Amino acid sequence: MQKKVFFITSNPNKARECKNILSFFSIYVEIIKLQISEIQSDTLEEIARFSSLEAVRICKKPVLVEDSGLFINILNGFPGPYSSYIQNKIGNYGILKLMKGIKNRRAIFKSVIGFCSPKKLNQVFVGEVHGSISYEERGKEWAFDPIFIPDFSDKTYAQMSAEKKNEISHRRRALEKFAIWFNKEQNG
Ligand code: ITT
């Protein structure tokens with residue numbers, strides 16, 4: 001029997017990456033385009049856990065949600081859990097302006113995947129990539145992709161192929177942990 005989960009998101013880029021990544025692990029993903037109401041919290045873990053419980057209440061299916069964020073060291077982790085709001089309001093231009101003249105450009109891109117089944121089996125999985133903020137936008141992919149350079153590369157996420165990004169990204173790291181756990185649960 002094919003293993004299947006429902007990924008609840010309003011973000012088509014996340015949806016595409018999640019589908020591709022989980023196909024490596026023989027998990028089929030059906031996308032449900034829905035904006036779940038999010039709690040205000042300083043931690044992505046709390047937001048993802050709450051959203052997955054909310055999603056299963058609405059969908060009554062095994063669901064995945066993701067909360068992600070870019071944490072910039074010199075800005076005390078800002079925008080972090082407020083990444084979506086900041087991306088919409090000031091975009092990469094605004095972030096690069098905030099970072100103007102700053103040498104310490106260290107940052108962490110983080111993904112937290114929340115899973116919940118109708119039996120209320122609830123888990124979160126964390127994936128992080130350490131890196132830095134570029135001095136200008138490079139490449140054309142979505143949201144923060146043109147300004148985030150993972151440590152093990154001299155390219156921004158946006159300058160990598162989709163396949164390469166899916167091999168190394170914060171989302172890959174979180175989804176891989178989920179997939180290993182989920183496949184064990186299904187077989188055991
Ligand atoms: P949901 O419906 O899944 O909540 P969202 O876009 O609101 O979609 P988040 O709050 O998790 O999702 O996103 C935080 C922000 O970080 C948002 O602006 C994303 O576009 C951006 N982001 C997340 N992962 C990214 C990635 O891999 N590359 C570039 N930007 C990313």
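We count ligands from 1, going down the list as the structure has it; atoms in each ligand are counted the same way. Because the structure is a prediction, the values reported are computed rather than measured.
Geometrically, R138 does not engage F148 in a cation-pi contact defined by less than 6.0 Å to the ring centre and at most 45° from the axis. A cation-pi contact, defined as under 6.0 Å to the ring centre and within 45° of the axis, links K61 to F6.
Among protein heavy atoms, atom 2 (O) of ligand 1 sits closest to S10 OG, 2.6 Å. The closest protein non-hydrogen atom to atom 24 (N) of ligand 1 is R171 NH2, 2.8 Å. The protein atom (non-hydrogen) at minimum distance from atom 17 (C) of ligand 1 is S84 CA, 3.8 Å. Scanning the protein for heavy atoms near atom 28 (N) of ligand 1, the closest one is D145 OD1, 2.6 Å. Of the protein's heavy atoms, N11 ND2, 2.9 Å lies nearest to atom 6 (O) of ligand 1. Nearest protein neighbour of atom 3 (O) of ligand 1, counting heavy atoms only, is T9 OG1, 2.6 Å.
Note: Y157 and H170 meet the aromatic proximity criterion, with ring centroids under 6.0 Å apart. Aromatic ring centres of F182 and F178 lie closer together than 6.0 Å.
A donor-acceptor contact shorter than 3.5 Å links the side chain of S83 to the backbone of L70. No side-chain donor-acceptor contact under 3.5 Å links E46 to the backbone of T43. Judged by distance alone, the side chain of K177 and the main-chain N or O of V126 form a donor-acceptor pair under 3.5 Å.
Residue contact check: E38 has heavy atoms under 4.0 Å from atoms 4 (O) of ligand 1. Proximity to Q87 (heavy-atom distance under 4.0 Å) selects the following atoms of ligand 1: 18 (O).
Residue contacts with ligand 1: A143 is placed with no nitrogen or oxygen under 3.5 Å of a nitrogen or oxygen of the ligand (distance criterion only). At least one N or O atom of S68 sits closer than 3.5 Å to an N or O atom of ligand 1.
Using 4.0 Å as the threshold, E141 has no heavy atom nearer than that to any atom of ligand 1. In this structure, F148 has no heavy atom closer than 4.0 Å to ligand 1.
Nearest to atom 27 (O) of ligand 1 by heavy-atom distance, out of K165, R172, K14, is K165. Considering only non-hydrogen atoms, atom 25 (C) of ligand 1 lies nearest to W142 out of F144, W142, Y85, F7.
No hydrogens or angles considered: a donor-acceptor pair under 3.5 Å links the side chains of W142 and E17.
Within 6.0 Å of CG in N88 there are more than 12 heavy atoms belonging to other residues, nucleotides or ligands.
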